[in-house]
Amino acid sequence: QQQVKQSPQSLIVQKGGISIINCAYENTAFDYFPWYQQFPGKGPALLIAIRPDVSEKKEGRFTISFNKSAKQFSLHIMDSQPGDSATYFCAARNFNKFYFGSGTKLNVKP
Amino acid sequence: DSGVTQTPKHLITATGQRVTLRCSPRSGDLSVYWYQQSLDQGLQFLIQYYNGEERAKGNILERFSAQQFPDLHSELNLSSLELGDSALYFCASSVEADTEAFFGQGTRLTVV
């Protein structure tokens with residue numbers, strides 16, 4: 001059973017557009033929600049993270065929106081660029097264990 | 001560069017064999033995590049060590065084992081390999097057991 005459900009599986013966005021990736025969870029014990037970016041042949045790299053007592057966190061063009069009551073969180077990439085093309089993973093932590101979503105392959109068209 | 005070093009980068013071996021994957025964490029990091037990434041399963045947490053002790057266990061098969069040594073490097077041992085074990089294996093490290101982890105570049109294991 002997947003603890004964190006991520007959608008969509010793939011996403012195509014035009015340069016300058018907004019990319020939105022969604023994740024949902026059931027376990028209310030999760031206390032930390034990071035997003036990772038992974039380029040081909042590389043390991044995942046931490047992009048941005050949020051704790052459940054905050055509804056939104058912004059770092060540059062990347063924003064996490066967190067809805068505790070709905071048990072959902074999403075990553076918004078504003079002004080998407082071809083260099084953002086990568087696979088994005090959401091994750092959730094419970095007692096030192098990180099559970100990852102299945103990943104979203106983002107392709108930003110020039 | 002995350003500072004986490006994994007060796008080897010690529011490994012090709014036959015079914016039934018045993019392999020050892022090695023991970024050197026970032027300087028100062030006490031915690032090491034192992035993950036398996038395959039096309040159909042995404043990123044699966046296998047096991048975590050903190051300062052030499054096992055801290056958390058995920059979906060790790062009995063054929064797999066790991067350990068963290070006094071110098072904090074870690075090894076993941078995979079035995080009786082099956083075709084389905086072909087995947088990318090990532091190591092990650094963090095300062096403490098509950099702080100954010102930084103991933104290495106992975107070892108691509110191909111079982112033929």
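Residue numbering restarts at 1 for every chain, and letters A, B, ... go by the order of the sequence lines.
With a 6.0 Å radius and a threshold of 12 heavy atoms from other residues, nucleotides or ligands, B/Arg26 has its CZ atom above the threshold. Shown here is A/Lys71, whose NZ atom has more than 12 heavy atoms of other residues, nucleotides or ligands within 6.0 Å. Atom CG of B/Leu61 sits in a crowded spot, with more than 12 heavy atoms from other residues, nucleotides or ligands closer than 6.0 Å. By the neighbour-count criterion of 12 heavy atoms within 6.0 Å, atom CD of A/Glu59 is densely surrounded, having more than that number from other residues, nucleotides or ligands.
Across A/Gly101, A/Ala45, A/Ala91, A/Gly43, the residue that shares the most heavy-atom pairs under 4.5 angstrom with chain B is A/Gly43. Here A/Tyr36 is the residue among A/Phe89, A/Tyr99, A/Tyr36 with the most heavy-atom pairs under 4.5 Å with chain B.
Ring-centre distance between B/Tyr35 and A/Phe98: not below the 6.0 Å cut-off.
With a 4.5 Å cut-off on non-hydrogen atoms, B/Lys9 does not touch chain A at all. A/Pro34 touches chain B through its side chain: at least one heavy atom from C-beta onward sits under 4.5 Å away, while N, CA, C and O do not. Looking at B/Gln37, the atoms closer than 4.5 Å to chain A (heavy atoms on both sides) all sit in the side chain, from C-beta outward.
Side-chain contact between A/Gln38 and B/Phe90: present, with at least one pair of heavy atoms (C-beta onward) separated by less than 4.5 Å.
Taking hydrophobic clusters as Ile, Leu, Val, Met, Phe, Trp and Tyr residues chained together by side-chain heavy-atom distances below 4.5 Å, A/Val4 shares a cluster with A/Leu11. Taken together through direct or relayed side-chain contacts under 4.5 Å among Ile, Leu, Val, Met, Phe, Trp and Tyr, B/Leu21 and B/Val4 form parts of separate hydrophobic clusters.
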